[in-house]
Amino acid sequence: MTSRFHKLSRSFYARSTLEVAADVVGKYIVYDSPDGKLVARIVEVEAYVGQDDPACHAAQGRTRRNEIMFGPPGYAYVYFIYGMYHCLNFVTEPENHAAALLLRAAEPVEGIDIMSRLSPGKKPIDLLSGPGKFCRSFGLTREQNGIDLCGDTLWLEDRHEPQPEIVRMSRIGIKEGQDRLWRFCDQNSPAVAHHS
DNA sequence: TGAATGATGCGCT
DNA sequence: GCGCATCATTCAT
């Protein structure tokens, strides 16, 4: 039998970041990790869009850290923050348009035992309910920066579920650019920060 | 239940 | 040196 699950192709990412953001909520992220297969349902993302977005890492131009954002779409951008956490992004828009989606929260689906080993003492719903927690529970670090999301290691899947009810909110943890409603959430997910 | 804070190290001025 | 796309803990109400 053929799989009902469809890996998202490069063209999915090669669009306006806000379009991709609205579409990516409710999709699944799959990681063929060294410890086993991990699957989660995406419920919260934030858009960071190019040179005109003061909160975007690419706002000050190209650097060693952010260069993956300037490349072609459909790649993973992983960075280290606050001395102890990592954050995962999906690069969007055509090459030289530096933009990405920050994965803020997801619901664990498969490999919960593995995630719990990486983040001890957490209830399943709290394993992936934040960008730092997601990377910790998935075992993602800067070693995974630059992975091709159209390859066989880390990718997104459409599992053909009904489109979730999406609410747009202000982005979290930034000083400038809070006027833009560029946080996209599944309104009904218990893993979403119910913050303003 | 919400506000304040410390942990901790890299990236860039 | 300073700031940071976070989180867990502490303390106040």
Side-chain angles (χ1 to χ4, degrees), chain A residues 13 16-22 24-25 29 40 42-71 73-93 97-108 115-147 149 154 156 166-186 189-196:
Chain A
Y13 305 94
S16 117
T17 306
L18 299 186
E19 280 182 45
V20 183
V24 83
V25 174
I29 181 165
I42 296 169
V43 297
E44 180 178 356
V45 297
E46 282 177 357
Y48 289 89
V49 187
Q51 319 271 11
D52 296 331
D53 176 4
C56 181
H57 284 178
Q60 315 302 330
R62 187 190 297 248
T63 67
R64 172 112 100 274
R65 178 176 70 154
N66 68 23
E67 65 184 355
I68 193 72
M69 292 181 77
F70 287 82
Y75 286 79
Y77 168 44
V78 185
Y79 65 88
F80 183 66
I81 190 72
Y82 294 122
M84 61 189 96
Y85 300 107
H86 295 268
C87 293
L88 169 67
N89 297 254
F90 313 126
V91 175
T92 56
E93 310 213 10
H97 291 238
L101 290 169
L102 168 69
L103 176 52
R104 284 202 60 91
E107 297 167 351
M115 300 179 203
S116 298
R117 224 173 293 138
L118 293 168
S119 297
K122 289 208 181 313
K123 294 176 294 185
I125 197 59
D126 293 326
L127 284 168
L128 309 175
S129 59
K133 288 190 277 183
F134 179 89
C135 283
R136 178 149 177 64
S137 299
F138 257 56
L140 296 172
T141 69
R142 277 170 298 180
E143 286 183 29
Q144 282 71 43
N145 186 45
I147 283 185
L149 299 173
L154 180 66
L156 302 191
I166 292 176
V167 58
R168 291 177 58 166
M169 294 190 267
S170 181
R171 293 175 292 178
I172 291 177
I174 56 169
K175 298 194 131 133
E176 296 179 273
Q178 293 199 332
D179 51 312
R180 299 162 165 88
L181 299 182
W182 287 355
R183 180 157 67 105
F184 294 69
C185 307
D186 176 345
S189 172
V192 167
H194 71 286
H195 203 260
S196 79

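Proteins come first, then strands; the chains are lettered A, B, ... in the order of their sequence lines, and each starts at number 1.
Closest of all the heavy-atom pairs between A:Ser129 and A:Ala191 is CB-O, 3.6 Å.
When heavy atoms are screened at a 4.0 angstrom cut-off, A:Arg142 is found touching the sugar-phosphate backbone but no base atom. Using a 4.0 Å heavy-atom distance criterion, A:Gly83 is classed as a base contact. The residue A:Ile174 sits close only to the backbone: its heavy atoms come under 4.0 Å of sugar-phosphate atoms, none of a base. Residue contacts for A:Tyr85: at a heavy-atom cut-off of 4.0 Å it reaches a base atom on one of the strands shown. A:Arg104 comes within 4.0 angstrom of sugar-phosphate atoms only, judged by non-hydrogen atoms across all strands, and of no base.
Under the 4.5 Å side-chain criterion, counting only non-hydrogen atoms from C-beta, A:Glu67 is not in contact with A:Tyr77. Taking 4.5 Å as the limit, every side-chain heavy atom of A:Thr63 sits out of range of all side-chain heavy atoms of A:His57.
Searching all strands for a Watson-Crick or G-U wobble partner of C:dC2 with both distances below 3.5 Å returns B:dG11. Of the nucleotides present, none pairs with C:dT13 by Watson-Crick or G-U wobble criteria with both distances under 3.5 Å.
In summary, of the residues considered (A:Arg168, A:Arg104, A:Arg180, A:Arg171), a salt bridge (Lys or Arg N to Asp or Glu O under 4.0 Å) with A:Glu46 occurs for A:Arg104 alone.
First and last contacts of DNA chain C with chain A, using any nucleotide atom under 4.0 Å from a protein heavy atom and ordered 5' to 3', fall at C:dC4 to C:dA8. Where DNA chain B meets chain A (any atom under 4.0 Å from a heavy atom), the bounding nucleotides read 5' to 3' are B:dA7 to B:dC12.
Other residues, nucleotides and ligands place no more than 12 heavy atoms under 6.0 Å from the CG atom of A:Asp52.
No side-chain donor from either of A:Ser170 and A:Gln178 sits under 3.5 Å from a side-chain acceptor of the other. Side-chain atoms of A:Ser137 and A:Lys133 form no donor-acceptor pair, as typed in the model, at a separation below 3.5 Å.
In this structure, CG on A:Leu103 lies 4.5 Å from CZ on A:Phe134, to the nearest 0.5 angstrom. Atom CG of A:Leu156 is separated from atom CD1 of A:Ile42 by 4.5 Å, given to the nearest 0.5 angstrom.
Residues A:Thr63 and A:Ile81 both approach DNA chain B. Their nearest nucleotides, taken by heavy-atom distance, put A:Ile81 toward the 5′ side.
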